[in-house]
*Asks:* 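I have a structure I would like to understand better, so I am pasting it below and will then ask my questions one at a time.
What you are looking at is a predicted structure, and each value in this text was computed from that prediction instead of being measured.
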Amino acid sequence: MTLRFFKLALWLVIVLGVSAALVAYFWFQTQREPFTDSALARDLALQDESVVTIPAQQLERLSDKAIQPNPRRNLYFGELHLHTEQSFDSVLFGNRLTIDDAYRFARGEKLVSQGLELMQLSRPLDFVAITDHAEGFGSRRHCGDSGLPLRLQLSCWVARTPNLAIFKVLRNVGDGGQTKIERARSPYCKAVGIEQCLADAVADWSDYKRLADKYNRPGEFTAIQAYEYSPTLPDYGKYHRNVFFRGNALPELAISALDAPTELDLWRSLEQTCRGDCDFMTIPHNTNRAWGLPYGDATRYGDAYSEEDWALRARYEPLTEIYQIKGASECALGANATDRECGFEQVFPPCRPGQETTCAFANGYAREGLKRGLQVENETGVNPFRIGFIAATDSHNANPGDTEEWDYRGASAAITGPAIRRQKHLESGTPIHRSLVAAYSSGGLAGIWATENTRDALFEAMRSRETYGTSGTRIQLRFFAGWELGEDILAASDPITDAYAGGVPMGSKLTPGGNRGSPTFMVWAMADPLSAPLQRVQMVKGWLDGDGLSHEQVVDIACSDGQVPDALTGRCADNGATVDTASCQFDRQRGAGELNVLWKDPDFDSNQSAFYYVRVLENPTCRWSTYDALRLGIEPSPHAPPTVHERAWSSPIWYTP
């Protein structure tokens, strides 16, 4: 009886094991099917690219980049946040485009996405920073070798096989970042040993540095040395930073979340390893998805910031990423902000009492951070949130700066391309924070005013915050403030030289001007010739009252079409510009090609700390989701806005009594 029972049990185990293996195999095949050439070709055949009007590519700036150093600054547009097939998540999405591909794309070459769609910039970029995840450096270095141990073979198979389900599993390893994971305990290091693991990470980082040097052309095109530091948070949250270096003297190892679990650890580790001529800065991104940590008072593990910590942050974090594919991080309606433009490209609703994740925390947005910075400075003498603005894409398609709505091909390779797949994501009902499409924009660009297009000059301009971000178009924007800016400065033969002489540019601190009332604020904005005309210029002000409480106000200061802001509301009337969503032709008769204005703050108080930044809005144009509907011959999805007001955000100017 016992033997029969044993045989029956053994047979049952075998049957169940084989059945489980077969189920797992066929389930895995269903997860792989979207990545096959036949599936991609089938989906691509559903769209018609000929119905979308695309501007001709403009390559002339490639031969006009070697500009002489300019003390009044030249404007350079570029990408500061991009992933290639060297990032594990990019590979799992199906991307096979390389670092070399990304650099060539930035220079104007065509690429075909993993979704088989053609990608090309209308105009080349001036600079690019490739920021693959440092946590993966070295982990696939030997995957092409023969004779690997079984454990390493399995690791390589997982890391190199496109599969969204595996991405979701790996994304939650370590319970969403609540447990600190040291490098020695990472799967790859366990497989090869810590010494080999470190050597491989160093070798991968060396390859990045070599390739950046290969494509860097001082005065013409700048390849900035950078990477991404990527700790995870629960519920798909992220408190990531991109790390940028000046010049060529870089640390041997790219410090990752495996080496430095908090931002304080990151800065201190970089201080120790970035020595001599080495210099660095960090830029946080997706602060809207970091569950209130970015502009709070503690690390992700609840350790309160000390005055020394605030100073450390002020020293190494001069900028923040205000916009990218995963939404706008300027402000959010209902999260201590009320102006209607804060509803632009938002991901989350305001937090309910007690909610800890997947909602809009006020401390996750730059405007609240600027206000909090004034308060910390009032308490400690240091403003750790004196942050300027840039924008980027965070695309995982190796296509830097590909932000034009008509050319958006998703940001997650074959998961989000071709167009029918992006539309299905919009309709799927997937929770917005988990979706790879539903909440996504086409991404943004960074504008940098620098003396020349070199690593040193761009780094210095970023450190001094003479930068701004756009939602993807190439609006040109300058912003100055000072007590010596004359009323006739806009009519001067050289207003920019006069503005530098009589004031300070965006990103600067304005020294007190005695009893002369409000400083003069000078704004110059020019429309992107390939996008819609400008509609208005807005001034955003934040300040502290006598009790140390923060406030904010938004007013329009320049209107298009001969209008002036309403005296009661401080807003321009709608100029009536429209866009035909059936063809995506937008209104070129209304709006302005250029808006220049001098403005004084009627409520300026020389005893109050304050900041000011400019927001410039275009007339409406079609959003990427509407262009996709046009390609597919369907109505635009009701789950996405049909149009978008592209915009630019200047870095602030601060006033301290």
Side-chain angles (χ1 to χ4, degrees), residues 81 83-92 130-143 151-152 154-156 158-160 166-209 225-234 236-245 250-274 280 282-286 290 293 299-303 312 316-317 394 396:
H81 188 178
H83 297 271
T84 72
E85 55 88 27
Q86 287 296 314
S87 287
F88 85 93
D89 47 355
S90 183
V91 172
L92 294 176
I130 294 176
T131 54
D132 284 312
H133 300 287
E135 290 72 21
F137 285 5
S139 62
R140 290 182 291 153
R141 192 164 187 85
H142 298 288
C143 285
R151 184 175 182 179
L152 193 52
L154 178 61
S155 175
C156 287
V158 169
R160 300 173 75 186
I166 290 177
F167 164 73
K168 291 178 178 179
V169 171
L170 294 178
R171 179 62 178 77
N172 288 311
V173 168
D175 56 357
Q178 296 182 77
T179 301
K180 298 181 182 180
I181 301 179
E182 299 173 358
R183 183 179 290 273
R185 294 168 50 215
S186 68
Y188 182 70
C189 287
K190 284 184 176 181
V192 301
I194 186 61
E195 291 186 5
Q196 184 65 54
C197 181
L198 281 170
D200 291 341
V202 167
D204 265 11
W205 177 226
S206 295
D207 288 344
Y208 277 91
K209 293 183 282 187
Q225 309 269 24
Y227 67 85
E228 182 173 326
Y229 162 85
S230 313
T232 61
L233 294 174
Y236 288 75
K238 53 188 64 189
Y239 196 19
H240 297 183
R241 285 167 162 80
N242 290 314
V243 182
F244 300 88
F245 296 94
L250 277 64
E252 185 179 44
L253 176 69
I255 303 298
S256 76
L258 301 175
D259 312 292
T262 73
E263 64 273 23
L264 298 174
D265 299 318
L266 172 66
W267 297 321
R268 288 167 183 151
S269 295
L270 286 167
E271 277 187 329
Q272 294 170 4
T273 58
C274 182
F280 72 91
T282 64
I283 301 179
H285 73 82
N286 280 134
L293 286 171
T299 70
R300 57 199 292 243
Y301 296 112
D303 301 317
L312 191 68
Y316 295 123
E317 201 149 276
D394 192 11
H396 287 59

*Asks:* Between Asn242 and Tyr227, is there a side-chain donor-acceptor contact under 3.5 Å, judged purely by atom types and distance?
*Replies:*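 No donor-acceptor contact under 3.5 Å links the two side chains.
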*Asks:* Start with the C-alpha distance between His240 and Asn286, add both sets of side-chain angles, then the distance that settles side chain to side chain donor-acceptor pair (under 3.5 Å), and finish with yes or no.
*Replies:* CA-CA 7 Å; His240 297 183; Asn286 280 134; over 6 Å; no
*Asks:* How long is the gap from CD on Gln196 to CG on Leu152, to the nearest 0.5 Å?
*Replies:*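 The CD atom of Gln196 sits 9.5 Å away from the CG atom of Leu152.
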*Asks:* Any heavy-atom pair between the side chains of Trp267 and Arg241 that's under 4.5 Å?
*Replies:*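 Arg241 reaches Trp267 side chain to side chain.
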*Asks:* Got His142 and Val192 here, is their nearest side-chain heavy-atom distance under 4.5 Å?
*Replies:*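 No. Closest side-chain heavy atoms not under 4.5 Å.
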*Asks:* With sequence neighbours excluded, tell me which residues meet salt bridge (charged side-chain N to carboxylate O under 4.0 Å, His left out) with Asp89.
*Replies:*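 Applying salt bridge (charged side-chain N to carboxylate O under 4.0 Å, His left out) to Asp89 gives none.
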*Asks:* At what distance, to the nearest 0.5 angstrom, does CG of Leu258 lie from OG of Ser139?
*Replies:*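 The CG atom of Leu258 sits 9.5 Å away from the OG atom of Ser139.
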*Asks:* Check whether any side-chain heavy atom of His83 lies under 4.5 Å from a side-chain heavy atom of Val91, and answer yes or no.
*Replies:*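 Answer no - side chains too far apart.
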*Asks:* Is there a donor-acceptor pair closer than 3.5 Å between any side-chain N or O of Glu135 and the backbone N or O of Ala257?
*Replies:*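 Yes, the answer is positive, given that a donor and an acceptor are paired below the 3.5 Å cut-off.
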*Asks:* If we count only N and O atoms by modelled type, under 3.5 Å, do the side chains of Asp259 and Ser269 hold a donor and an acceptor together?
*Replies:*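 Not at all, the side chains of Asp259 and Ser269 share no donor-acceptor pair under 3.5 Å.
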*Asks:* Flag the pair Phe244 / Phe280 as yes when at least one side-chain heavy-atom distance between them is below 4.5 Å, and no otherwise.
*Replies:*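 The answer is no; the side chains never approach within 4.5 Å.
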*Asks:* Would you say Tyr229 and Glu263 are linked by a side-chain donor-acceptor pair, where the criterion is simply a distance under 3.5 Å?
*Replies:*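 Checked: Glu263/Tyr229 side chains show no N/O donor-acceptor pair below 3.5 Å.
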*Asks:* Between CG of Asp200 and CG of Asp204, what distance do you get to the nearest 0.5 Å?
*Replies:*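 With rounding to 0.5 Å, CG (Asp200) is 7.0 Å from CG (Asp204).
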*Asks:* Once you round to the nearest 0.5 Å, how far does CZ of Arg183 lie from SG of Cys189?
*Replies:*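 Going from the CZ atom of Arg183 to the SG atom of Cys189 covers 6.0 Å.
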*Asks:* Is there a side-chain contact between Leu253 and Phe137 (heavy atoms, below 4.5 Å)?
*Replies:*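 A side-chain contact is absent here, since even the closest heavy-atom pair is not under 4.5 Å.
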*Asks:* May I ask you to decide if His133's main-chain N or O and Ser87's side chain share a donor-acceptor pair within less than 3.5 Å?
*Replies:*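 Checking the backbone N and O of His133 against the side chain of Ser87, a donor-acceptor pair under 3.5 Å is found.
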*Asks:* Report the distance from atom NE2 of His285 to atom NZ of Lys238, rounding to the nearest 0.5 Å.
*Replies:*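 Those atoms lie 6.0 Å apart.
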*Asks:* To the nearest 0.5 Å, what is the distance between CD1 on Ile255 and CZ on Arg268?
*Replies:*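 One finds 14.0 Å between CD1 of Ile255 and CZ of Arg268.
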*Asks:* Is there a side-chain contact between Glu317 and Ile283 in this structure, where contact means two heavy atoms from C-beta onward sitting under 4.5 Å apart?
*Replies:*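 Heavy-atom side-chain distance check fails, nothing below 4.5 Å.
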*Asks:* Does the plane of the ring in Trp205 sit parallel, tilted or perpendicular to the ring in Phe245? Use 30° and 60° as the thresholds.
*Replies:*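 Tilted.
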*Asks:* Please check this pair: side chain of Ser90 against backbone of His396, looking for a donor-acceptor N/O pair closer than 3.5 Å.
*Replies:*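 Confirmed, Ser90 side chain pairs with His396 backbone.
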*Asks:* What are the two closest non-hydrogen atoms of Ala184 and Lys190, and how far apart are they?
*Replies:*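 In this case the closest contact between Ala184 and Lys190 is O-CG, 3.8 Å.
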*Asks:* Answer yes or no: is there a side-chain heavy-atom contact under 4.5 Å between Tyr316 and Glu271?
*Replies:*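 Contact flag for Tyr316/Glu271 side chains = yes.
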*Asks:* Hey, does Leu293 have a side-chain heavy atom less than 4.5 Å from the side chain of Leu233?
*Replies:*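 Side chain of Leu233 against side chain of Leu293, heavy atoms only: contact under 4.5 Å found.
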*Asks:* Quick one: do the Gln86 and Thr84 side chains pair a donor with an acceptor below 3.5 Å?
*Replies:*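 No pair is found: no donor N or O on one side chain lies under 3.5 Å from an acceptor on the other.
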